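Worksheet: the structure to be examined is printed underneath.
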Amino acid sequence: MQSHVPGRISVVVPVYNGARHLPDAVRSIQMQGHPDTEIILVDDGSSDDSWPVISGIAGAVAIRQQNQGPGAARNRGVEAASGEYLCFLDQDDLWCEGKTSLQLERLKSDPGLGYVLGHTRFTLLDGHVRPGWAKERYFEKPHPGYVVGVMMARRTAFDRVGPFSTGFASGVDDVEWFVRSQQLQVRREMLAETLLERRVHDSNFSGNTAQSNPELLSIIRRKLIAERLGKAG
């Protein structure tokens, strides 16, 4: 079993045609100021200039693979990660100032916590029309963030839950991971602070609701079935 470096934060960023937004995302990681942060960028078969952008980011671990979806890209990054703590960030989102320090402090203060989350705020990028999936209420105030981009997890807790599912086409693999973590009773905590800015534009991966809605329903159904079977047992 691979040993992980105590105190190190490994950040996995799956990238698919993200050359336009990726530099800002990486800067938001670098500005956190944690002295031992490992940035792992996984190009998931991009057809734009993502790979040259990734290759030009000094100090980052650069990985390239054929297109397999965000779950597989995150898993590939986790395999390469050497840190005691795991974080993730989508290519078009930003971390807010102080994210990693707040979460790291909370995890260190309570060894029983498996992972911590935080609130997120939505921002519509200039020049973009609000897409139908991004309801007006999303932009009114920060919301509790049940998304992988706002999570910091102990590596031991992540490994207990297991890798992200690669069977989804729409990027809902993090939802399924959270469901599994709850079924395994991994303790988590939602911090009150806003730690993630979700940038909305005309090409968000999460905007493909025709794929994501059925997949989310399938996750819910499996969760309900598992709960019924558990009670019956």
Side-chain angles (χ1 to χ4, degrees), residues 9-32 37-81 86-96 99 120-134 138-139 145 147-151 163-177 196-216:
I9 299 172
S10 293
V11 188
V12 177
V13 183
V15 182
Y16 179 70
N17 293 344
R20 183 171 44 159
H21 303 294
L22 182 61
D24 289 337
V26 171
R27 276 192 291 272
S28 79
I29 299 170
Q30 295 169 332
M31 290 175 63
Q32 296 297 311
T37 299
E38 175 183 57
I39 301 175
I40 303 168
L41 306 173
V42 184
D43 185 353
D44 188 42
S46 298
S47 58
D48 67 350
D49 291 331
S50 290
W51 183 247
V53 172
I54 289 171
S55 302
I57 296 175
V61 178
I63 299 172
R64 199 176 195 182
Q65 65 179 29
Q66 292 184 338
N67 181 252
Q68 300 173 53
R74 292 187 182 112
N75 291 339
R76 182 75 179 276
V78 169
E79 290 173 1
L86 277 176
C87 292
F88 302 87
L89 183 62
D90 287 347
Q91 63 192 21
D92 42 13
D93 292 338
L94 303 175
W95 279 354
C96 300
K99 175 193 182 289
T120 67
R121 65 170 179 256
F122 285 80
T123 302
L124 182 64
L125 294 185
D126 291 341
H128 292 260
V129 177
R130 179 176 61 83
W133 66 268
Y138 293 0
F139 300 88
V147 292
V148 73
V150 78
M151 177 177 76
F164 294 101
S165 173
T166 59
F168 300 107
S170 65
V172 298
D173 49 280
D174 57 345
V175 176
E176 194 271 341
W177 190 92
L196 177 70
E197 180 180 340
R198 301 190 68 183
R199 299 196 293 175
V200 178
H201 51 84
D202 54 16
S203 56
N204 285 115
F205 195 77
S206 56
N208 189 356
T209 55
Q211 282 188 325
S212 63
N213 287 344
E215 291 184 341
L216 287 170

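Only a predicted model underlies this, so the values are computations on that prediction, with no experimental measurement involved.
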Indicate yes or no: at least one non-hydrogen side-chain atom of Val11 is less than 4.5 angstrom from one of Trp95. yes
Who pairs with Trp51 by side chain to side chain donor-acceptor pair (under 3.5 Å), at least two apart in sequence or on another chain? Ser55
Could you give the distance from OG1 (Thr166) to CG (Asn75), rounded to the nearest 0.5 Å? 7.0 Å
So do Ser28 and Leu89 actually touch side chain to side chain, heavy atoms under 4.5 Å? yes
Taking all non-hydrogen atoms of both residues into account, name the closest pair between Tyr16 and Gly45 and its distance. CE1-O, 3.6 Å
Are side-chain heavy atoms of Arg74 and Asp90 found at a separation under 4.5 Å? yes
Spell out, as yes or no, whether a donor-acceptor pair under 3.5 Å connects the side chain of Gln91 to the backbone of His21. no
Calculate, to the nearest 0.5 Å, the distance between atoms CD1 and CD1 belonging to Ile54 and Ile40 respectively. 12.5 Å
For Asp173 against Pro70, the heavy-atom pair lying closest together: OD1-CG, 3.9 Å
Within the structure provided, determine whether Val147 and Asp93 are in side-chain contact (heavy-atom separation under 4.5 Å). no
When rounded to the nearest 0.5 Å, the distance separating OG1 of Thr37 from CD1 of Ile39 is 7.0 Å
Do the ring planes of Phe164 and Trp177 sit parallel (below 30°), tilted (30 to 60°) or perpendicular (above 60°)? tilted
Once you round to the nearest 0.5 Å, how far does CG of Leu94 lie from CG of Leu196? 8.0 Å
Between Leu41 and Val26, is any pair of side-chain heavy atoms under 4.5 Å apart? yes
Met151 CE to Lys99 NZ distance, which is reported to the nearest 0.5 Å: 8.5 Å
Residues passing the side-chain contact (heavy atoms from CB on, under 4.5 Å) test with Asp48, sequence neighbours excluded, are Asn17, Ala19, Ser46, Ser50
Could you work out, with salt bridge (Lys or Arg N to Asp or Glu O under 4.0 Å) as the rule, every residue matching Glu38, not counting sequence neighbours? none
Residues which pass salt bridge (Lys or Arg N to Asp or Glu O under 4.0 Å) with Asp24, listed by chain and number, not counting sequence neighbours: Arg27, Arg199
Please name all residues satisfying salt bridge (Lys or Arg N to Asp or Glu O under 4.0 Å) with Asp44, sequence neighbours left out, ordered by chain then number. none
Please list, chain by chain and in numerical order, all residues satisfying salt bridge (Lys or Arg N to Asp or Glu O under 4.0 Å) with Arg121, sequence neighbours excluded. Glu197
Separation of Arg198 CZ from Thr123 OG1 (nearest 0.5 Å): 11.0 Å
